K.L.:
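Please find one structure pasted underneath; my questions will follow.
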Amino acid sequence: MQEIFDLIIIGAGPAGLAAGIYASRRKLKTLIFAKNIGGQAAYASQVENYPGYEAISGFDLMQKFQKQAERFGCDFKYEEVIEVKKEKNNFIIRTGSTEYKSLAIILAFGMTPRNLNVSGEKEFLGRGVAYCATCDGPLFRNKTVAVVGGGNAALESVLYLASICKKVYQIHRRDEFTGEAILVDKIKGIKNVELVLDSVVTKINGNKFVQSVEVENLKTKMKKEIALDGVFIEIGHVVNAKPVKNLVKIDENNAVIIDSDCQTNVAGCFGAGDVTNIKYKQIVISAGEGAKAALSAYKYLQRLENKESPLFDWGNK
Ligand code: NDP
């Protein structure tokens, strides 16, 4: 007979891993589906705002989350989830190769990089076009690159790439940044960084590899071509809700709608972290939401068995 898990968690970023820690400490038979460990957080070169660590790499922090979840008995499967359905009281989770069953699920599969949607972006992916400076930056040592975007992710990428590349252009569609002022100040003092503001990339050119980008200034309408070897697209992230769009309610940004207990509109289905409609996308917040979703799932499972934990949580019986 097919094994039925108490809880299946989809995603192994801060929310999914924290949920795994909380669920397995409640002795729930818990399985986490991971495309990779740590999600976007694993790519942060330096995390300085996770309480308890003055500075730690995102990769190391996420490895610690995973070890902790494993220590309490959480299982992992490295498969991509294609579809989630609910049949009676069971959730059916379909991956490329297999179907899994559980009584409750937590959706914690985060976000994926937003595309620029310009000619050349898809064609040169992996051949000069990249979405993660921490991962792919070292391939561009001593070369010329551009970073597109003006948020924290773009600013951090510029800082890192400027330390290993010959030259870094930062191309941003406005003359103000959404990222933190402290990062903007740092960038303005770096000699091999050139800001290309009020401008958008309209085309990425190349042969085997990227050779240049075409840029248009939105104010002056002037166009120019910048010769370079790589383009890092750091313009935020979007939710890919495809596997669950027939299961739960999503908002206009494709985010899974949850209430303050991480409950979706489907009984037994919870959401946590960047995949949900919560406002702030931070590691500490996602971890907290993951913990909350796991406690809510535990409570749901107790009720399914007509039980109620005598000590559910502080002051919350
Ligand atoms: P943000 O949403 O903060 O920034 C996205 C940037 O890309 C903006 O400058 C935006 O421009 C630009 N942009 C969006 N769409 C397009 C487009 N189609 N074409 C051109 N430019 C576009 O995303 P981030 O990934 O930078 O950050 C996400 C979250 O993660 C934030 O909350 C951030 O603070 C956090 N973060 C925190 C870090 C840390 O704490 N160390 C590190 C990295 C991220 P515009 O402003 O004009 O909309």
Side-chain angles (χ1 to χ4, degrees), residues 13-15 38-62 110-122 129-137 146-163 168-188 193 195-204 213-219 223 226 231-240 252-255 273-289:
Q40 295 302 317
Y43 300 130
S45 51
Q46 190 88 318
V47 178
E48 295 180 343
N49 52 10
Y50 193 82
Y53 293 96
E54 273 183 33
I56 183 168
S57 79
F59 181 82
D60 288 347
L61 183 60
M62 290 302 101
M111 299 171 96
T112 47
R114 177 181 281 128
N115 294 325
L116 261 184
N117 293 321
V118 295
S119 160
E121 181 178 16
K122 276 199 189 122
V129 172
Y131 295 88
C132 171
T134 317
C135 329
D136 297 330
V147 174
V148 185
N152 272 340
L155 293 165
E156 285 199 346
S157 298
V158 170
L159 277 177
Y160 165 60
L161 292 168
S163 71
V168 181
Y169 294 93
Q170 181 168 10
I171 305 170
H172 178 36
R173 64 184 178 184
R174 296 187 297 126
D175 62 357
E176 281 177 343
F177 295 89
T178 26
E180 291 168 6
I182 194 166
L183 294 176
V184 179
D185 286 348
K186 275 190 194 168
I187 278 164
K188 284 185 174 161
V193 173
L195 299 179
V196 183
L197 300 179
D198 296 316
S199 299
V200 290
V201 171
T202 52
K203 194 166 179 228
I204 301 170
V213 287
E214 290 175 28
V215 172
E216 181 179 345
N217 185 303
L218 295 173
K219 284 189 175 154
K223 293 180 181 171
I226 301 173
V231 189
F232 288 84
I233 299 168
E234 301 271 7
I235 57 170
H237 291 79
V238 288
V239 175
N240 172 12
E252 66 284 3
N253 300 315
N254 278 349
D274 288 5
V275 76
T276 68
N277 60 329
I278 57 160
K279 191 169 170 192
Y280 299 107
K281 313 290 184 199
Q282 295 292 315
I283 299 174
V284 63
I285 292 172
S286 290
E289 290 286 306

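These numbers come from a predicted model, not from an experiment. Counting starts at 1 for both ligands and their atoms, following the listed order.
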K.L.:
Considering the heavy atoms of Arg114, write down every atom of ligand 1 situated less than 4.0 Å from one of them.
P.N.:
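Answer, ordered by atom number: 14 (C), 15 (N).
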
K.L.:
Between Glu48 and ligand 1, which residue portion shows a heavy-atom distance shorter than 4.0 Å: side chain, backbone, both, or neither?
P.N.:
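The answer is neither.
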
K.L.:
Suppose we measure from atom 10 (C) of ligand 1 to each protein heavy atom; which comes out shortest, and what is that distance?
P.N.:
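In this structure, atom 10 (C) of ligand 1 has Arg173 NH2, 4.1 Å as its nearest protein heavy atom.
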
K.L.:
Using a 4.0 Å heavy-atom threshold (strictly under), name the region of Glu176 that reaches ligand 1: side chain, backbone, both or neither.
P.N.:
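It is neither; nothing of Glu176 touches ligand 1.
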
K.L.:
I need the nearest protein heavy-atom contact for atom 47 (O) of ligand 1: residue, atom name and distance, please.
P.N.:
Arg174 NE, 2.7 Å

K.L.:
When you look at NZ of Lys186, are more than 12 heavy atoms from neighbouring residues, nucleotides or ligands closer to it than 6.0 Å?
P.N.:
no

K.L.:
Does atom OH of Tyr50 have more than 12 heavy-atom neighbours, drawn from other residues, nucleotides or ligands, at distances under 6.0 Å?
P.N.:
yes

K.L.:
With a 4.0 Å cut-off, strictly under, does atom 28 (C) of ligand 1 pick up any protein heavy atom?
P.N.:
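Looking at atom 28 (C) of ligand 1, one finds that no protein heavy atom lies closer than 4.0 Å.
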
K.L.:
Using heavy atoms and a threshold below 4.0 Å, how should the contact between Asn152 and ligand 1 be classified: side chain, backbone, both, or neither?
P.N.:
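Within the 4.0 Å criterion, Asn152 contacts ligand 1 through backbone and side-chain atoms alike.
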
K.L.:
Where does Gln282 meet ligand 1, judged by heavy-atom distances below 4.0 Å: at the side chain, the backbone, both, or neither?
P.N.:
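Looking at Gln282 and ligand 1, just side chain atoms fall under 4.0 Å.
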
K.L.:
For Tyr43, does the OH atom sit with more than 12 other heavy atoms under 6.0 Å from it, leaving out its own atoms?
P.N.:
no

K.L.:
Picking from Val168, Val147, Leu159, what satisfies side-chain contact (heavy atoms from CB on, under 4.5 Å) with Ile187?
P.N.:
Leu159

K.L.:
Which of the atoms of ligand 1 are close to Thr178, meaning less than 4.0 Å from one of its heavy atoms?
P.N.:
4 (O), 8 (C), 9 (O), 46 (O)

K.L.:
Once rounded to the nearest 0.5 Å, what's the spacing between atom CD1 of Ile233 and atom CD1 of Ile171?
P.N.:
10.0 Å

K.L.:
List the closest protein heavy-atom neighbour of atom 4 (O) of ligand 1: residue, atom name, distance to the nearest 0.1 Å.
P.N.:
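Closest protein heavy atom to atom 4 (O) of ligand 1: Gly151 CA, 3.6 Å.
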
K.L.:
Find the distance between OG (Ser119) and CD1 (Ile204) and round it off to the nearest 0.5 Å.
P.N.:
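Going from OG on Ser119 over to CD1 on Ile204, the span is 8.0 Å.
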
K.L.:
Hey, what do you get for CG (Leu161) to OG (Ser163), rounding to the nearest 0.5 Å?
P.N.:
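Rounded to the nearest 0.5 Å, the CG-OG separation comes to 7.5 Å.
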
K.L.:
Test of understanding: given a 4.0 Å heavy-atom threshold, classify the contact between Asn49 and ligand 1 as side chain, backbone, both, or neither.
P.N.:
side chain

K.L.:
With backbone taken as N, CA, C and O and side chain as the heavy atoms from C-beta onward, which portion of Leu116 lies under 4.0 Å from ligand 1: side chain, backbone, both, or neither?
P.N.:
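Only the side chain of Leu116 comes within reach of ligand 1.
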
K.L.:
Specify whether the nearest protein heavy atom to atom 31 (C) of ligand 1 is under 4.0 angstrom away.
P.N.:
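There is no protein heavy atom less than 4.0 Å from atom 31 (C) of ligand 1.
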
K.L.:
Could you tell me whether Gly149 and ligand 1 have an N or O pair separated by under 3.5 Å?
P.N.:
no

K.L.:
What protein heavy atom is closest to atom 39 (C) of ligand 1, reported as residue, atom name and distance in Å?
P.N.:
Glu156 OE2, 4.0 Å

K.L.:
Could you find the nearest protein heavy atom to atom 7 (O) of ligand 1 and give me its residue, atom name and distance?
P.N.:
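Answer for atom 7 (O) of ligand 1: Ile235 CA, 3.2 Å.
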
